[in-house]
Each structure stands twice: as C-alpha cells, then as structure tokens.
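Working notes, structure below.
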Amino acid sequence: MRLFSNAVVRTFAPQAASSAPDSNTPASIASDPSESNTDKVPDPTSTPTFDLTQAAPDAILVDGETIVAIGTRAELLDIAAAESSTTAALASAGGVGATTVIPGLEIDEIDCSGQVILPGFVDGHIHSILYADSLTDLDLSQTKSLAEAVAAIRARADALPVGTWVVGSGWDLNKWEDPSYPDRELLDAEVPDHPVAMWSLDLHTLWVNAHALEIAGIDEATPDPSGGSFVRDDDGQFTGLVREDATDLVARFIPEPSREDQVERLATTQELFLSQGLTGIHDFDGIASTLGWNDLHAAGRQDMRVTLFLRSPEVPWAIETAWHTGDGDDWLQCGGLKLFSDGALGSHTSHMSSAFPAIDGEDENFGVVQMTEDELFDQAHIATEAGISVAIHAIGDQANHHVLAVYDRLRETTKAAEEKFGRPLRHRVEHAQFIQPADVARFAELGVLASMQPRHCISDLHLLHLIDESARLAAYAWPDLLDAGAHVVFGSDGPVEHASPFAAIYAAMTRADISGDASTTFQPHRRLSAVEAIRLHTQGPAFAAGLEDRRGYLAPGMDADFIVVDTDPCAAEGLNVDHSSVAAAERDGLLGYDSEEALFAHAEAIRDTRVALTVVGGEVKYRA
C-alpha cells in the first residue's frame, strides 16, 4: 500500500445518487475497499461545494491502482495495518494501534509537505503528435511581422542542409503589425533553396514557398479539393497560402520522423503533460498517435491514460479490426471518429451565418464547409452503426447548427448501436465556439457533449471583431450550455494552445488576457468558477469516455489518479455561491468574490500553479 499524507485533499466528489463519499466529509473511508463503484455513480452535472470552515482530509491510501480510503493520516494508518500481513502480529501484541510506529508495516508513505491533492486532470482534446512536433519545429508564435517571420525561417534554413524541409507553425497574421495575408514572394526570395511549410497558429492554413509547391506537384492548373482551397491572386497565381483540406496535398510530402524517433518525441511530450498535471488525454491525432502510444505501451513506458480518436481514412481499418468505442484497457482506450464541419476563426474559415469582414479585396466569405451536412451524416452513420462514437469539429455558428442537425438525424441509429454494443456512444462537438441562441438547448436535448477549450476564448480576443455582433451568438458559452443541462468537456487543443490546465482554469474564470489585464475581459457574465472549471477538466472527460464510475474525482474504489500542487484552488471566497446558472453570473460577473481584484488575484494564483507530483494508477509518474 501507499499513503500520501500531510496534504489538503480536495476530492471534488459530486453529490452522489446513493452512497458515494461527500467531498465535505473529513474522513471518507471505504467499508469494503474491493467494492465496485458501479452502484455509486454520482450526478455528473453536480458541482461539488467546499465548506472552508471544515477541515479537509489530509491523506489518501492507495492499494495498487485503486484508492482505498481518504481521511486523516491516523485513520488511514489503522486501515493499512488492518489490511497488512502484520495484522496477526499486531493482534497478538495486544492490538497496538497503527498510530504508533509499527516495525514491518507494509506501507510506503509519501509526505506531500502540506500541499494540495486534486483529482488528475484529463485534457479532453489534444494532439499529441502535433504537440511533439511543435517542440522541435520552428515556432513563429512570437513573431510580430511578416518580415520577422521570414527572417526566423531564413535563420532556421541556414542551420539545415540545402534542400531540407523547413517546417514550423504558430504564425498569426491577426497579431502582426501589418495584419495582411503572407504570401510566397518573400519566402521565394529569401529561402529559395529549401521547401518551406509553415502552419498557422490554428493549424488550418499552410504557408508555403514555390519549392514546396513544386515538390508536391501543385501548379496553377491544380483544382481546389473539396473542403479546401489554394489562395490565388487577381492573376490566378498561387499566393502560397493553402487552406483546410488542400493542406493535405502538401503536408503528405513533408518527411516524417522515423517510428523510433516519433516514439522518443512522444515520450518527451508525455513527460511535459505529466509535469502540467495531466494524468490522461483524449488524443485526436489518428493513426499516428495510435501507433506511437501503442509502441510506448508495449515498451512499458506509457505513464498516462490515453483515449484515441480516429480520422476518416482509418474507418475501414477500424471496422475490419472491430474497433469499438470504449474497448481497450486501463491505459489505452478506443475513442471515436473525428470529422470536420468547418475551419477556424483565425484563418477566417469557420462556417458562420454572417460574413467575415473583407480583407485584401477577397470575395464575401462565410468560411469553409469542409463537409456538407449530408456528407457528415453519411460518415457518422457508418461509424455509429459500427459502434464508434462521433466527434465533429465545429467552430462557426452555422457549422454547429448543421452538426446538431446531423446528430438529430442520427438519434435512432445511436440508440440501436448502444443497445447492440451494450455501452453509451456519447457524440461530441469539438470546440462549439459560436452557437446560435436557439441551438444552445439542443445540445442538452440531443445529449451531445460540447468539447470546449477555455484558452481559445482569451487567445481569440484580438479576433472577436470578426464576429457580427448583431447575430447575438453565444460565444464560448460554457455557462449557457451548463445551464441548459448539456455536458461540457474542457481541454486545450494543444499545440494550438499550451496544455496547462491551470492556464485554462484562469481563462474560464476571467475571460481576459493571460497576462491578467482585467480590461480585456470578454463577456464577464459568462465566467466560470474555479471549482466548475476543474470539474469540467476531470469529471467532464471521464463522462465523455464512459468512465465516470472510475475517474474524475477522488473517492474509495476510484482509480488512483491525482496530482499534488502548491496552490489550493478552493481556498478563496465565492466557492459556496450558487453559480450554476447564467442568471447568477449576470449579476456582476464576480463569481461571488468581493471585487474584480480579488477574483483576478485568485485566478492568477491558479494560473501559476506548480505541480509537485503526478500520480497515475497509484504510482508517482512525475516528481518536480
């Protein structure tokens, strides 16, 4: 057994339907540690509350991969003694209590130095392979102009053999001093001897030079593929910008690392995730991540739990190999199928009901329809019938409207598949950033999960002028969806955003720039409390994966996945204020704090949280 003691334990256990432990109870102790939690499933929409006048538990006892008990150190030592092989010796010695020093007691005690234990965070939407690549490729996210970006590309090219691909990401024209589209003219002049491919920050646009287009066999006669385009100037010449599905025609020529190198990159990325408090992820990189995580798993090097999602070309293979959502083991789980309805706000390709403001004389632009409603339905229907849930990318309000219509048409098929395979198929919308007001309630009505990323809200602050205010869209509307009864799942969309869940909690609490500038706040009435944001990073992903009876909060019988951190997100005013409805938030947007300053002080402290330990399956997988 392993005892984690000298801590402040925040269990985040929601109100239970029956006898699941109460998060306010100082000693939550299982009467039978082997008892299943299947009959103790709590209401997944119930937010825990914390009575700060009552002492929190100070220890967790773990046996193997499972939590045995939560309570005081003295109580848990007694339980450990009762379960230990030394029990008989103790009885013969007169039943000495475990609160005294017992030679030979089979327990490994880890002192948490008075820090805080929280449930392990799970990133509900991340790209592990792209994240791994971003750690080695050129990063243009800090460039302030086109010229500065080109200079950085030239510098990277100079360090590589002639003819080697120069690959990077992170450029954002919306943040440049001259916010105009880049083209290949400067790239062709400065870097003619290397093929160049630079992904935009949102990964929906590729900026390339003539050398890259030549290698890909693309010229002015190449037609735009369905769901994508090659941007052309007034003379019909390629500008070097490639959007959405057309990027595949170039990206397939970019050399990939060997499988061995990719595994090492993934191992490094895994260590980064663990250091940020992630005990699991929902991975959307398709077959590349499936192979990488399988290799790590086979080598005994997988240290976090992963739910894998498919891409469209992999569906025939998935059906042939009997891939069913929910299959797998405790470490690698089969997820669903990722489809795309539209693009992204920063690339002006999210499908909107109102046109984007015209830039550089472009035609009226409502975004890109990557797949029509009928195409989405056909793909979703095939997957659902095969026992594979569906997750559809939709950022624009019109894209979300179409995706909800797809799920409405899919209802009977979903019900039949759930009965056939004996498990829930919890369909999702990925991002759901802009929603027509009448569609908010449809998420709950259709049982569709909204998989959202709080950091997108504050990273997009400089883009929100692109949205037609007259449409009165629900933007990054986490509380609206919760108030309607929908399930919300939080994640990062890394590497588009950094993977730190603590920065995401800050974003949900403030809806303001990551620097802490309160003047940048966007729609403060849609802020979420720290407690709610943490729940959506823990119980949200657990519910989405069908694992709400095993993960998402801390209680006896649950998987021993938790983190030790230096900041208590629950030690502040406002935590017992009912903030479950939009009406409550609209009062002042202060979440129950005395002032805006108090709210931001707490949010910034959470943003800057440091992780001391990350425990997965009862084992310390990361130590600072």
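Atoms considered below: every heavy atom in the structure, side chains included; atoms not considered: hydrogens, waters and symmetry mates.
A centroid separation of less than 6.0 Å is found between the aromatic rings of Trp478 and Phe490.
Judged by distance alone, the side chain of His194 and the main-chain N or O of Thr164 form a donor-acceptor pair under 3.5 Å. With hydrogens and angles disregarded, no donor-acceptor distance shorter than 3.5 Å links the side chain of Ser459 to the backbone of His456. In this structure, the side chain of Thr349 engages the main chain of Ala344 through a donor-acceptor pair within 3.5 Å. Checked by atom type and distance alone, the side chain of Ser200 pairs as donor or acceptor with a backbone atom of Thr205 at under 3.5 Å. In this structure, the side chain of Ser145 engages the main chain of Glu148 through a donor-acceptor pair within 3.5 Å. With Gln270 contributing its side chain and Asp303 its backbone, the two residues share a donor-acceptor pair below 3.5 Å. Judged purely by atom type and a 3.5 angstrom limit, Thr290 uses its side chain to pair as donor or acceptor with the backbone of Gly286. A donor-acceptor pair under 3.5 Å links the side-chain atoms of Asp233 to the main chain of Gly236, judged by distance alone. Between the side chain of Glu375 and the main chain of Thr372, a donor-acceptor pair closer than 3.5 Å is present. His431 places no side-chain N or O within 3.5 Å of a backbone atom of Met452 that could act as its donor or acceptor partner.
Taking a 6.0 Å sphere around CD of Gln142, one finds it holds 12 or fewer heavy atoms contributed by other residues, nucleotides or ligands. Residue His498 places its NE2 atom among 12 or fewer non-hydrogen atoms of other residues, nucleotides or ligands, all under 6.0 Å distant. Within a 6.0 Å radius of CD in Glu314, other residues, nucleotides and ligands contribute more than 12 heavy atoms.
Across Val406 and Leu376, no two heavy atoms sit closer than the pair CG2-CB, 3.9 Å. What you find for Gly336 and Thr325 is that their closest heavy atoms are CA-OG1, 3.9 Å. Taking all atoms of both residues into account, the shortest heavy-atom contact from Asp493 to Asp123 is N-OD1, 4.3 Å. Among all heavy-atom pairs drawn from Val489 and Ala544, the shortest one is CG2-CB, 3.9 Å. Scanning both residues, Ile254 and Ala197, for their nearest heavy atoms gives CD1-CB, 3.7 Å. For the residue pair Trp331 and Gln302, the shortest heavy atom distance occurs at O-NE2, 2.9 Å.
Residue pairs that meet the salt bridge (Lys or Arg N to Asp or Glu O under 4.0 Å) test with at least one member in residues 157-174, sequence neighbours left out, are Arg154-Asp158. Among residues at least two apart or in separate chains, salt bridge (Lys or Arg N to Asp or Glu O under 4.0 Å) pairs with a member in residues 329-349 are Asp330-Arg550. For residues 272-285, the set of pairs meeting the salt bridge (Lys or Arg N to Asp or Glu O under 4.0 Å) definition, not counting sequence neighbours, is empty. Among residue pairs with one or both ends in residues 254-263, those qualifying as salt bridge (Lys or Arg N to Asp or Glu O under 4.0 Å) are Arg259-Asp295; sequence neighbours excluded.
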- [ ] Check the pair Thr268 / Leu266 against side chain to side chain contact (heavy atoms under 4.5 Å, CB included), numbers first and verdict last.
- [x] CA-CA 5 Å; Thr268 299; Leu266 191 56; over 6 Å; no
Open item on the list: Between Trp317 and Ile287, does the side chain to side chain contact (heavy atoms under 4.5 Å, CB included) criterion hold? Intermediate values first, please.
Closed with: CA-CA 10 Å; Trp317 164 81; Ile287 193 64; 4.3 Å; yes
Open item on the list: Run the side chain to side chain donor-acceptor pair (under 3.5 Å) test on Thr307 and Gln333 for me, step by step, so that the C-alpha distance in whole Å, both residues' side-chain angles and the decisive distance to 0.1 Å come before the verdict.
Closed with: CA-CA 5 Å; Thr307 298; Gln333 181 193 41; 2.7 Å; yes
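Defined by atom type and a distance below 3.5 Å, a donor-acceptor pair is missing between the side-chain atoms of Ser492 and Glu497. Looking only at atom types and distance, the side chain of His348 has no donor-acceptor partner in the side chain of Asn365 under 3.5 Å away. For Gln262 and Arg265, the side-chain atoms include no donor-acceptor pair closer than 3.5 Å. Between the side chains of Ser519 and Asp517, a donor-acceptor pair is found at a separation under 3.5 Å.
In this structure, CD in Gln433 is found 4.5 Å from CD1 in Ile395, a value given to the nearest 0.5 Å. His211 NE2 to Trp165 CH2: the interatomic distance, rounded to the nearest 0.5 Å, is 8.5 Å. The NZ atom of Lys175 sits 8.0 Å away from atom OG of Ser141, with the distance rounded to the nearest 0.5 Å. Going from atom CG of Asp561 over to atom CD of Glu619 covers 11.5 Å, rounded to the nearest 0.5 Å. We find the CG-CG distance between Asp183 and Leu146 to be 7.0 Å, quoted to the nearest 0.5 Å. In this structure, the separation between CG on Asp202 and CG on Leu463 is 8.5 Å, given to the nearest 0.5 Å.
At least one cation-pi condition fails for Arg527 and Tyr476: the charged atom is not both under 6.0 angstrom from the six-membered ring centre and inside a 45 degree cone around its axis.
With sequence neighbours excluded, the residues satisfying ring pair (Phe, Tyr, Trp, His ring centres under 6.0 Å) with His402 are His351. In terms of the ring pair (Phe, Tyr, Trp, His ring centres under 6.0 Å) criterion, Trp199 has no residue partners (sequence neighbours excluded). Take Tyr622 and apply the ring pair (Phe, Tyr, Trp, His ring centres under 6.0 Å) test, not counting sequence neighbours, and it matches no residue. Annotation: salt bridge (charged side-chain N to carboxylate O under 4.0 Å, His left out) contacts of Glu430 (sequence neighbours excluded): Arg428. For His204, the ring pair (Phe, Tyr, Trp, His ring centres under 6.0 Å) criterion is met by His393, not counting sequence neighbours. By the side-chain hydrogen bond (donor to acceptor under 3.5 Å, both in side chains) test, Arg301 is found to be paired with Glu264, residues two or more places apart in sequence or in another chain being considered.
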Let me have the donor-acceptor pairs involving side chains of residues 186-193, under 3.5 Å, with sequence neighbours excluded, atom names and distances please.
residue	atom	partner	partner atom	Å
Asp188	OD1	Ala210	N	2.8
Asp188	OD2	Arg184	NE	3.3

Please table the atom pairs, donor to acceptor, closer than 3.5 Å between any side-chain atom in residues 225-232 and protein atoms at least two apart or in another chain.
residue	atom	partner	partner atom	Å
Arg232	NH1	Asp224	OD1	3.0
Arg232	NH1	Phe230	O	3.2
Arg232	NH2	Thr222	O	2.8

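At least one side-chain heavy atom of Ile388 sits under 4.5 Å from a side-chain heavy atom of Leu310.
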